[in-house]
Amino acid sequence: RMWHSEDQYDIIDKHTQSGLDLVEKYVKFVKERTEIEQNYAKQLRNLSKKYSPKRGSKEEQECRFSNHQAFLDILNEMNDYAGQRELIAENMMINICIELTKYLQELKQERKMHLSEAKKAQQYLEGTYKQLDNSKKRFEREWREAEKAAQYAEKTDQDLNATKADVEKAKQQAHMRTHIAEECKNDYASQLQKYNKEQNQFYFTDMPLSFNRLQDMDERRIKKLAQGYVLFADTERHVMPIIGKCLEGIARAGTNVNERNDSVVLIEQHKSGFERPGDLEFEDYSQGINRASSDSSLGTPKGPLELLGKNKNKTFRLFNKKSKLPSSSLSPFSTTPTPSPANGPPSPKFGRDPLSYCLMEINKTVKPRISSFRTLKRTPVDSEGFTHLPPEQRRKRLQQKIDDISKELQKEIDQSEALGKMKDVYEKNPQMGDPASLAPQITQTAQNMERLRGELNKYESWLAEAGGRGDSIRYSTHSLNNNGAHNPNSPGAISDDTDSSQAIYTEFDDEFEEEELAAPIGQCTALYNFPGSSEGTISMQEGEVLFVVEEDKGDGWTRVRRNNGDEGYIPTSYATITLNK
């Protein structure tokens, strides 16, 4: 039913007020929900930040392992998830709280206006009724007075003692009172007609119109509030796909963990490049044993050169087949080859006491090697040349240092070119500046370039000594060689004629000449163009197929070869690599 049929102003007033209170209550509810979302997002961000590795920390370096990287991906996804919770709070605040608060103010003004109009109409009707009531009471009073006056005139007229003047006066008074009563009667009738008209206007037009407007206002309020209820769910539903992607990213981080690859990465990162130590030789301290029988029963230990000659091919497989090492750096010890009795006269060292000589050789080769391993970490650390690191790790650190110096050198070169151009501009246009003012900067830049070039040459020489990127590993003079022989400068090392030693390593070099090109271990297809402008790299075009010569050793580079024999390094991530099984 229409509200105006109730004619209950107070009920409508209270009902509309309770509706506005409900809107205000819902706005407060949503505000508290947004605060919860914001606090939740803030706590999630703080949690992600707390467990994220600091820049340059050890944890950041461990992200090369898939399980560490997966945890970092989870933290990033949680950070994105927190952003979506913040988005929910922001959208709820804008689309619900602010919008409903603004609409609530408009409803309050509209309600106040409609109620005020209804109140005025009611007050006007009440005022008309009062006028009607006053007119009625006056009419009633005057009519009674008129009746009294008429009765008095009639009584006077019948009175024999009354004079004619008294009778005439009473009749005039009665006539006047009757005339006044008639006027009051007419006024009362007029007021009654007016009130009935106003009452009809009030109950059939004014009040229904005001109440219909209030009804329409309240229905619009209910509809708007219902939309706010729907937005409460839709706001979160709209970000659910992105939240789902965050959760998928977390699951994907778990599936991307590769335990086998993590082990390989750890091995590649920390492998030393040292060959496994050989078996310890038997040391015979017994005396008085027949030398002839010792050769047959105990087995005279071979001299170091005989052992080297026996395991010649096996030992040098450690080096890359493509590399040719100079005899000075390859020589693990300077020892004159001892010809066998079949090829010539026996060595003078064997002439007097072969068994004693063999024991001496064992002491010189085995004991220094053991002591070297024990005292390797006690030697002063050469942090600049990274000689304290294992060969493979030293090579990586040197290459990294060379790359850093090259970047700094390139910056200085660019700055030098810029200063040169600026100087030319100043010389052609003196009003722009004094060319002499650039002299200190140019001099400083030149000094920096000279210093960086010196450092670059120094580290490149160390890298060449260490084997270079992808080349065979060479060791510095204080390290152990691959065969376990000690530095010739260490106590007890063998020192003989250098020319004979040169002949031995010339023989080894001949073996390297026979296997100049290594056989490919697989193929790769370029995913992107690579200019190959740096030293040691090779250019490639997208879609080009190359042969893989050497796998990525953990530094992000793979060695490849073209059909024409050109070799170089390419970024591993720039190609799809397939290795031969």
Side-chain angles (χ1 to χ4, degrees), residues 22-106 220-262 265 527-529 542 556 571-576:
L22 178 61
V23 175
E24 191 171 0
K25 184 186 297 184
Y26 180 64
V27 169
K28 291 182 179 178
F29 164 74
V30 177
K31 281 184 179 179
E32 292 186 11
R33 164 69 190 277
T34 58
E35 292 175 359
I36 293 173
E37 290 289 352
Q38 290 172 346
N39 291 333
Y40 179 45
K42 182 179 180 181
Q43 291 177 1
L44 286 178
R45 288 192 184 279
N46 291 338
L47 183 65
S48 299
K49 183 178 179 181
K50 176 182 178 181
Y51 287 94
S52 296
K54 303 296 184 294
R55 187 178 299 276
S57 64
K58 181 180 178 181
E59 293 180 355
E60 187 180 39
Q61 297 175 0
E62 290 179 347
C63 288
R64 61 175 60 91
F65 302 109
S66 64
N67 59 96
H68 288 266
Q69 183 61 43
F71 181 61
L72 183 60
D73 293 342
I74 291 175
L75 295 179
N76 293 333
E77 294 294 346
M78 288 303 298
N79 201 46
D80 295 342
Y81 178 80
Q84 297 308 309
R85 306 313 305 188
E86 291 176 341
L87 184 60
I88 290 175
E90 181 180 356
N91 291 340
M92 283 187 175
M93 180 63 69
I94 294 174
N95 299 330
I96 299 179
C97 296
I98 296 178
E99 189 70 22
L100 283 182
T101 301
K102 181 180 178 181
Y103 189 70
L104 181 62
Q105 296 301 323
E106 296 175 357
R220 284 186 283 110
R221 173 196 64 81
I222 295 173
K223 183 177 180 181
K224 191 72 174 179
L225 186 59
Q227 293 175 355
Y229 294 160
V230 175
L231 280 174
F232 188 77
D234 288 345
T235 301
E236 187 164 358
R237 185 183 295 115
H238 289 161
V239 299
M240 287 303 293
I242 304 178
I243 292 178
K245 290 183 179 179
C246 294
L247 298 178
E248 290 175 3
I250 294 175
R252 185 166 54 253
T255 57
N256 287 342
V257 174
N258 189 328
E259 62 279 4
R260 182 62 180 174
N261 186 65
D262 285 358
V265 170
L527 298 175
Y528 315 101
N529 295 334
E542 182 180 354
T572 305
S573 60
Y574 275 46
T576 301

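The structure presented is a predicted model; accordingly, all values stated were derived computationally and were not measured.
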> Would Y40 and Y81 satisfy side-chain contact (heavy atoms from CB on, under 4.5 Å), going step by step from the backbone distance to the final call?
Replying inline: CA-CA 10 Å; Y40 179 45; Y81 178 80; 3.6 Å; yes
Check [X] against [Y] and note the closest heavy-atom contact, atom names and distance.
{"X": "A70", "Y": "A253", "value": "CB-O, 3.2 Å"}
{"X": "I88", "Y": "T235", "value": "O-CG2, 3.7 Å"}
{"X": "A41", "Y": "A82", "value": "CB-O, 3.3 Å"}
{"X": "E77", "Y": "C246", "value": "OE1-CA, 3.3 Å"}
{"X": "Y229", "Y": "L22", "value": "OH-CD2, 4.2 Å"}

Under 3.5 Å donor-acceptor, [X] side chain and [Y] backbone:
{"X": "N39", "Y": "E35", "result": "yes"}
{"X": "T572", "Y": "G556", "result": "yes"}
{"X": "S66", "Y": "N258", "result": "yes"}
{"X": "N79", "Y": "R45", "result": "no"}

So how far is it from [X] [atom1] to [Y] [atom2], rounded to the nearest 0.5 Å?
{"X": "T34", "Y": "I94", "atom1": "OG1", "atom2": "CD1", "result": "11.0 Å"}
{"X": "M78", "Y": "Y51", "atom1": "CE", "atom2": "OH", "result": "12.0 Å"}
{"X": "R237", "Y": "I243", "atom1": "CZ", "atom2": "CD1", "result": "12.5 Å"}
{"X": "Q38", "Y": "E86", "atom1": "CD", "atom2": "CD", "result": "7.5 Å"}
{"X": "K49", "Y": "K54", "atom1": "NZ", "atom2": "NZ", "result": "8.0 Å"}
{"X": "D262", "Y": "R64", "atom1": "CG", "atom2": "CZ", "result": "11.0 Å"}

> Are any of the side-chain heavy atoms of F71 and L75 separated by less than 4.5 Å?
Replying inline: yes
> Is there a side-chain contact between V27 and L104 (heavy atoms, below 4.5 Å)?
Replying inline: no
> Is there a side-chain contact (heavy atoms from CB on, under 4.5 Å) between Q69 and L72 once you walk through the steps?
Replying inline: CA-CA 5 Å; Q69 183 61 43; L72 183 60; 4.0 Å; yes
> Do we see a donor-acceptor contact under 3.5 Å between the side chains of D80 and Q84?
Replying inline: no
> For Y26, does the OH atom have more than 12 heavy-atom neighbours from other residues, nucleotides or ligands under 6.0 Å away?
Replying inline: yes
> Are more than 12 heavy atoms from other residues, nucleotides or ligands located less than 6.0 Å from atom OH of Y528?
Replying inline: no
> Between L100 and K224, is a side-chain contact (heavy atoms from CB on, under 4.5 Å) present by the stated rule, with each step listed?
Replying inline: CA-CA 8 Å; L100 283 182; K224 191 72 174 179; 3.7 Å; yes
> Stepwise, does the side-chain contact (heavy atoms from CB on, under 4.5 Å) test hold for R221 with V23?
Replying inline: CA-CA 8 Å; R221 173 196 64 81; V23 175; 3.7 Å; yes
> Relative to each other, are the rings of F232 and F29 parallel, tilted or perpendicular (30° and 60° limits)?
Replying inline: tilted
>> Holding to side-chain hydrogen bond (donor to acceptor under 3.5 Å, both in side chains), I want the full list of residues that pass it with E236, two or more places apart in sequence or in another chain.
In response: R33, R85
